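What follows is a short report on a single structure.
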Amino acid sequence: MLSAGCGIPTESDVRVDGKAGTATEAGSVNGRRSEPPSRTASGSDNEAFVRNFLSAAAGEPDRAYERVTQFLAPEHKSRLQVKKGSEVALTVVRLRESVFTLNSDSTTTVKIAVQQIGVLRTNGTLAPPVATETEYEFRLRSAALSGTDSDERAGLYVLDPPNVLLLSDVALQQYYQDESIYFWSSDRTRLVPDQRYLPLAVPDERRVNEVVKWLVGGPSEWLRQGVVGLPDGTELINNATGANGRWEVNLDMSGDDQNRVDQLITQLAWSLGDLPGELELKIRNNSQPVQNLNDRRIAEPLYPVTEGPQRFGVYEGAIRPLDFVGELSGQVPLAGGVNRNVVSAGLARAANNRILAAMVVTGGKDRQRLAVGAGAAPVELVNRSTTEYASISRPVWLRTVDSRSAQGLVVADGRLYRFDEAARMFEVPLNLPSAGVTAVAAALDGQRVALIAEGRLYVAAVNLDGAGSSVSIGPPRALVTSLTGLTAVDWIGEDRLVVAGSAGQPAIYEISVDGAVETPLRTDVGAKVTHLAAYPTNRSVRVPSGAYMYEANKVAYRSSPFERIEPDRVRDIVAPPAGVRPSNPSAPFFLY
């Protein structure tokens with residue numbers, strides 16, 4: 001088994017994968033400060049002061065303006081229009097460049113070039129950006145007065161401040177804990193994560209209250225078409241309370257459906273992440289049986305993953321296993337008669353030990369078709385689409401937890417299609433500026449997708465009807481990233497995407513589902529990535545993975561460790577005659 005975080009687990013087991021930790025010192029969580037630095041912490045260092053100024057709004061919303069105005073010169077504080085309550089919003093930006101110009105009056109003009117990322121609301125959501133500014137300008141002056149403190153001790157002040165609360169993406173990561181709360185899917189068969197941000201300054205005893213308020217407030221705007229919130233009119237009666245591992249939540253909620261109440265307890269258990277102890281849920285002051293949070297999470301795992309993943313690729317027109325030391329490797333779950341003329345594929349495990357197989361196969365001259373089959377391994381029969389296309393993307397399955405007929409998504413000639421087990425294809429309307437879709441990826445929960453259209457990245461919610469025979473996609477949300485010309489995407493975690501594009505040269509980044517956090521994974525890819533597949537980390541397996549594979553310039557690679565996938569990694573092939581160069585494996589993917 002490879003090391004955690006980079007290899008693939010050989011088996012799955014439930015674990016509680018909490019993100020937050022216990023405080024390591026006063027004012028810190030997991031070694032991170034819970035409160036941003038004060039105005040004087042940077043002394044007279046202009047660059048450090050600006051970094052701190054772009055952190056000042058971080059923390060509990062009701063004190064955001066108080067923290068920021070401490071950085072403003074007294075005579076300029078009135079230039080920042082103060083808002084209260086739910087109107088408090090932080091403009092989150094990615095800092096690209098800072099230019100400092102010393103003026104004749106001893107002030108310094110600061111110009112910061114930024115990329116707008118989003119708006120952090122009081123409910124912990126990062127909404128799409130509203131501002132369009134790519135640059136902000138303000139001035140700095142010393143806070144020292146004649147005959148008093150030195151410039152160094154007095155620090156600096158901001159003059160002519162922007163009339164918004166600016167927060168850098170770095171500060172967002174430093175002073176907030178990203179949390180996943182969960183809502184039931186539109187068919188109430190599984191939980192779907194919704195990313196929120198909780199200030200590190202919020203103590204544990206109030207964390208339960210904040211999470212419950214988020215759930216009562218409903219899902220993020222972009223997720224609403226694929227999930228259901230709590231019943232209309234649900235309210236929190238007093239504040240959620242707790243101490244010594246016992247938490248009490250009292251809700252005024254309509255309905256007497258005990259199954260819905262039980263689902264709410266599961267929803268709360270997962271939304272509270274790693275929080276240990278017992279939960280007593282009351283509905284209109286009527287207590288439900290006390291639940292152990294860890295026991296509930298173990299009894300009700302999030303995702304239908306029962307076996308560890310296996311790597312496969314395409315070699316000379318057929319799907320073949322890829323063998324790596326320490327990793328689980330299995331047989332191709334297809335009969336030889338249908339494993340032919342394959343360009344790319346998406347395989348998945350479904351309920352009742354069924355294998356779902358969707359393959360792009362060669363058709364007429366320079367044309368492609370979709371071939372789909374389902375059943376016990378090996379799948380012996382596939383259906384083919386009636387229409388051929390010039391180009392078809394790697395197909396993906398929308399995972400379900402029951403035995404209903406499976407549905408998948410694929411891009412063909414720039415348009416998104418739903419397909420069923422009979423390989424029938426139905427175009428899915430998208431509310432996008434252009435129909436030029438090039439890639440689609442489905443999250444492990446089956447209720448969220450990522451799309452690339454015209455080189456831009458989007459996420460959207462999926463709505464399945466009760467029978468699972470119809471699929472609609474909610475309004476896509478555009479994500480901001482510093483990558484350009486995006487070519488491929490997949491889910492590498494429940495709230496993370498792996499994306500290929502250009503950062504001056506071809507590169508692969510990990511990007512959060514709201515676009516706030518991006519981490520370079522490969523910046524020396526060397527050629528445009530034409531194929532990308534990942535095994536997503538999730539909170540219901542023992543060891544996280546985050547492994548991905550990709551193809552660039554007709555050569556396949558894997559991560560963790562990064563290396564080219566050589567022909568000798570392909571199992572069940574015949575070595576070519578002496579002097580003949582073996583083919584390259586292509587279109588690698590995971591079966592799980």
Side-chain angles (χ1 to χ4, degrees), residues 186-187 225-226 314 338 341-348 350 355-364 366-374 379 382-400 404-465 467-477 486-491 497 530-533 587 589:
S186 51
D187 58 4
Q225 182 159 329
V314 177
V338 300
N341 304 320
V342 180
V343 178
S344 65
L347 305 183
I355 292 293
L356 306 176
M359 299 168 286
V360 179
V361 298
T362 55
D366 297 326
R367 307 290 285 178
Q368 296 177 345
R369 279 187 175 181
L370 184 67
V372 183
V379 176
V382 298
N383 301 294
R384 288 176 169 79
S385 62
T386 56
T387 304
E388 294 186 344
Y389 301 89
S391 175
I392 302 179
S393 73
R394 180 174 71 92
V396 297
W397 290 97
L398 296 172
R399 291 177 174 270
T400 61
R404 77 180 78 177
S405 180
Q407 304 284 318
L409 295 172
V410 70
V411 176
D413 289 352
R415 298 182 181 274
L416 182 66
Y417 290 87
R418 167 180 68 88
F419 64 85
D420 60 17
E421 294 182 14
R424 294 175 297 184
M425 297 173 63
F426 309 88
E427 186 173 352
V428 180
L430 291 173
N431 184 19
L432 288 174
S434 169
V437 184
T438 54
V440 61
L444 192 57
D445 50 74
Q447 297 290 139
R448 300 171 300 157
V449 295
L451 302 159
I452 293 178
E454 297 295 331
R456 296 193 64 190
L457 179 62
Y458 298 85
V459 291
V462 176
N463 189 297
L464 298 171
D465 68 9
S469 59
S470 178
V471 173
S472 59
I473 304 294
R477 171 182 171 174
L486 307 184
T487 59
V489 63
D490 204 357
W491 294 79
L497 303 166
T530 54
H531 175 97
L532 180 63
F589 64 93

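These numbers come from a predicted model, not from an experiment.
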Problem set entry | Backbone of Arg415 reached by a side-chain donor or acceptor of Glu427 within 3.5 Å | no
Problem set entry | Note, Leu398 side chain near Val449 side chain (heavy atom, < 4.5 Å) | yes
Exercise. In Å and rounded to the nearest 0.5 Å, what is the OG1 to CG distance from Thr386 to Leu370?
Worked result: 10.5 Å
Problem set entry | Heavy-atom side-chain proximity of Val459 to Arg448 below 4.5 angstrom | no
Exercise. Under a 4.5 Å cut-off applied to non-hydrogen side-chain atoms, are Pro475 and Gln225 in contact?
Worked result: yes
Exercise. Is it true that a side-chain atom of Arg367 and a backbone atom of Glu388 form a donor plus acceptor pair closer than 3.5 Å?
Worked result: yes
Exercise. Can Glu454 and Leu432 be said to form a side-chain contact (heavy atoms from CB on, under 4.5 Å), step by step?
Worked result: CA-CA 10 Å; Glu454 297 295 331; Leu432 288 174; over 6 Å; no
Exercise. Tell me, do Leu430 and Leu451 make a side-chain contact under 4.5 Å, heavy atoms counted?
Worked result: yes
For this session: Evaluate side-chain contact (heavy atoms from CB on, under 4.5 Å) for Ile452 paired with Val437, printing each intermediate quantity in order.
Result: CA-CA 6 Å; Ile452 293 178; Val437 184; over 6 Å; no
Seminar exercise, completed: Here the pair of heavy atoms bringing Ala439 nearest to Val489 is CB-CG1, 4.4 Å
Exercise. Do Arg399 and Leu444 pass the side-chain contact (heavy atoms from CB on, under 4.5 Å) test, and can you show the C-alpha distance, the side-chain angles, and the key distance before you say yes or no?
Worked result: CA-CA 7 Å; Arg399 291 177 174 270; Leu444 192 57; 3.7 Å; yes
Problem set entry | Residue pair Thr438 / Thr487, side-chain heavy-atom distance below 4.5 Å | no
Exercise. What are the two closest heavy atoms between Ala406 and Leu356, and how far apart are they?
Worked result: CB-CD1, 3.6 Å
Exercise. Where is the tightest heavy-atom contact between Met359 and Pro395, given as atom of each residue plus distance?
Worked result: N-CG, 4.2 Å
Problem set entry | Over all atoms of both residues, closest heavy-atom pair of Ser393 and Val360 | O-CG2, 3.3 Å
For this session: Report yes if some heavy atom in the side chain of Val361 is under 4.5 Å from a heavy atom in the side chain of Val343; otherwise report no.
Result: no
Exercise. Rounded to the nearest 0.5 Å, how far does CZ of Arg394 lie from CG of Asp490?
Worked result: 5.0 Å
Problem set entry | Check: Gln368 side chain, Ile392 main-chain N or O, donor-acceptor pair, under 3.5 Å | yes
For this session: Kindly determine whether Phe589 and Val396 satisfy side-chain contact (heavy atoms from CB on, under 4.5 Å), including the steps that lead there.
Result: CA-CA 11 Å; Phe589 64 93; Val396 297; over 6 Å; no
Problem set entry | Distance-minimising heavy-atom pair for Asp413 and Ala390 | OD1-N, 3.1 Å
Exercise. Should Leu416 and Leu409 count as side-chain neighbours, where that means a heavy-atom distance under 4.5 Å?
Worked result: yes
Exercise. Under 3.5 Å, side chain of Gln447 to main-chain N/O of Gly226, donor-acceptor pair present?
Worked result: yes
Exercise. Does Asn463 use its side chain to pair, donor to acceptor, with the backbone of Ser472 at less than 3.5 Å?
Worked result: no
Exercise. Which heavy atom of Leu497 sits nearest a heavy atom of Ala450, and at what distance?
Worked result: CD2-CB, 3.8 Å
Exercise. Heavy atoms, side chains only, cut-off 4.5 Å: are Tyr458 and Leu486 in contact?
Worked result: no
